[in-house]
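Counting starts at 1 for both ligands and their atoms, in listed order.
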Amino acid sequence: MSHPYVICGIDIGNTAVKAVIARVEPGSSQPEVIGVGTIPSTSALRAGEVVDMKEATEATRAALQQASAMAGIPIRRAYLAVSGLHIGTQVSKGTIAVGRADGEITAGDIERVLGTAQVVSLPPNREIIHVIPREFIIDGTEHVRDPLGMKGVRLEADVLIVHGLSRHLKNIGKCANECGVEVAGFVFAPLAASMAVLDKHQKEFGVAHLDFGGGTASLTVWDQADMVHSAMMRVGSRHITNDLAILLKTSLDTAEQIKLQLGAVNERWDRRKKPELVDLSAYMDEPFTVQRRDLMGAIEARTRELLDMVHDELKKAGKDGLLPAGVVVSGGGSKLPGFAALVRDTLELPVRIAKPVGVEAFDAAMDPSFSVAIGLVAWGFTQEGGEGHRSTELTTVGGWIKEGVAWLKNFLP
Ligand SMILES: Nc1ncnc2c1ncn2[C@@H]1O[C@H](COP(=O)(O)OP(=O)(O)OP(=O)(O)O)[C@@H](O)[C@H]1O
Ligand SMILES: [Mg+2]
């Protein structure tokens, strides 16, 4: 393909919709972000599920318009992030006899074995989002990562199935469709974000990725290039805002402003340091002070609650203190001053704030809250760059090349 083309990712989050548009030059090894849009939307979703279609659609439309205006191109097709507490995972296995008489394993065999592995009984209201190969086994030889071209008689696949509520997938698909956008694919948000912020070596050595969003937090754990654990947690930065609203007996909007402008994870990271009493009169329209200890204490308590959950998940994954590449944090919540330091001290692991890898991005797109949307672009690139499927071609915007079934191949970069 000699034309440049674009890939778009839309992340309908609990507190904001983010859209990212990237351009891929022919032969380029990475997409380049050319447009971003972010629109606050605080009541469209609850715990990751759409509860107000109208608001979700309007925010999606506005975020797309912002990104399109910056990129200078309309968008007709996009990858959508799927997140929330309704996501479930299940391990499954499939087995086939290799098709060719000479025993050489073909792409068709791999597709067939993955097809058999995804025959699982899910409740009727759930749909498979991903079938992620964990390993292939050829005639009893385990841990084969890519069986293509190898010889064998019997091919087995050990897969992780990620599934979610059909209703939710339909709802976010409808949001996109109503904005004139076709769904190129649904991608589990933490998986997308991990593609944008973790490099190959970190995944190989062992690393965790924590996205501290507005309504939820997600964790993925990687070892020897595989995602070995994932968890969604019901704590987001919005919970800190709620706590402050209760503590200060003020509105959510005011509490959010106070969090963004004065918030820190504890007193050590409070930029104001002194005095002991914080004057909030400018936010409250009346003389109002609060003990600095109380303000920071509320923020720290909620943050620690999240980190305790993360600690438990790392223990469940058998990786507590055992991740040489440490933890990478992303999401708007990770911008709280002192958050990374608290993660490091609590989990006793090296910590890094997420920066996109494998995608060229300008400053605005480097914001940790864009990790999922950038990850969608990275995901789209592995689907389309590697396997010959194309999103919108820049020269033929509006004309589509039919999508194939490149779902799973080359999932791990
Ligand atoms: N400097 C900051 N300190 C603390 N919190 C912040 C800061 N900047 C942004 N946030 C919070 O980050 C949240 C938004 O982050 P993000 O965009 O990652 O969430 P989301 O994707 O909408 O939510 P979710 O991932 O739960 O669906 C908001 O709650 C916002 O208050
Ligand atoms: Mg998010």
Does ligand 1 have any N/O atom under 3.5 Å from a protein N/O, and what are those pairs and their distances?
residue  : atom   : partner : partner atom : Å
ligand 1 : 5 (N)  : S237    : OG           : 3.2
ligand 1 : 10 (N) : G332    : O            : 3.3
ligand 1 : 12 (O) : G333    : N            : 3.3
ligand 1 : 15 (O) : G332    : N            : 3.2
ligand 1 : 17 (O) : K18     : NZ           : 2.7
ligand 1 : 18 (O) : G332    : N            : 2.8
ligand 1 : 19 (O) : T15     : OG1          : 3.3
ligand 1 : 19 (O) : G214    : N            : 2.9
ligand 1 : 21 (O) : K18     : NZ           : 2.8
ligand 1 : 22 (O) : N14     : N            : 3.3
ligand 1 : 22 (O) : T15     : N            : 2.8
ligand 1 : 22 (O) : T15     : OG1          : 2.7
ligand 1 : 22 (O) : A16     : N            : 3.0
ligand 1 : 22 (O) : K18     : NZ           : 3.3
ligand 1 : 23 (O) : N14     : N            : 3.3
ligand 1 : 23 (O) : G214    : N            : 2.8
ligand 1 : 26 (O) : N14     : ND2          : 3.0
ligand 1 : 26 (O) : G214    : N            : 3.3
ligand 1 : 26 (O) : G215    : N            : 2.8
ligand 1 : 26 (O) : T216    : N            : 2.8
ligand 1 : 26 (O) : T216    : OG1          : 2.9
ligand 1 : 27 (O) : N14     : N            : 2.7
ligand 1 : 27 (O) : N14     : ND2          : 2.8
ligand 1 : 31 (O) : E256    : OE1          : 3.3
ligand 1 : 31 (O) : E256    : OE2          : 2.5
ligand 1 : 31 (O) : K259    : NZ           : 2.6

Do you see a donor-acceptor pair shorter than 3.5 Å between the side chains of H163 and R126?
yes

Looking at every non-hydrogen atom in both residues, tell me the closest pair between I353 and A340 and how far apart they are.
CD1-CB, 4.1 Å

Spacing of I128 atom CD1 and Q118 atom CD [to the nearest 0.5 Å]:
5.0 Å

Going by distance alone, is a donor N or O of one side chain under 3.5 Å from an acceptor N or O of the other, for H311 and T346?
no

Considering all heavy atoms of both residues, which atom of H130 and which atom of F186 are nearest to each other, and what is their separation?
CE1-O, 3.6 Å

Residues E49, R46: salt bridge by 4.0 Å N-O rule
no

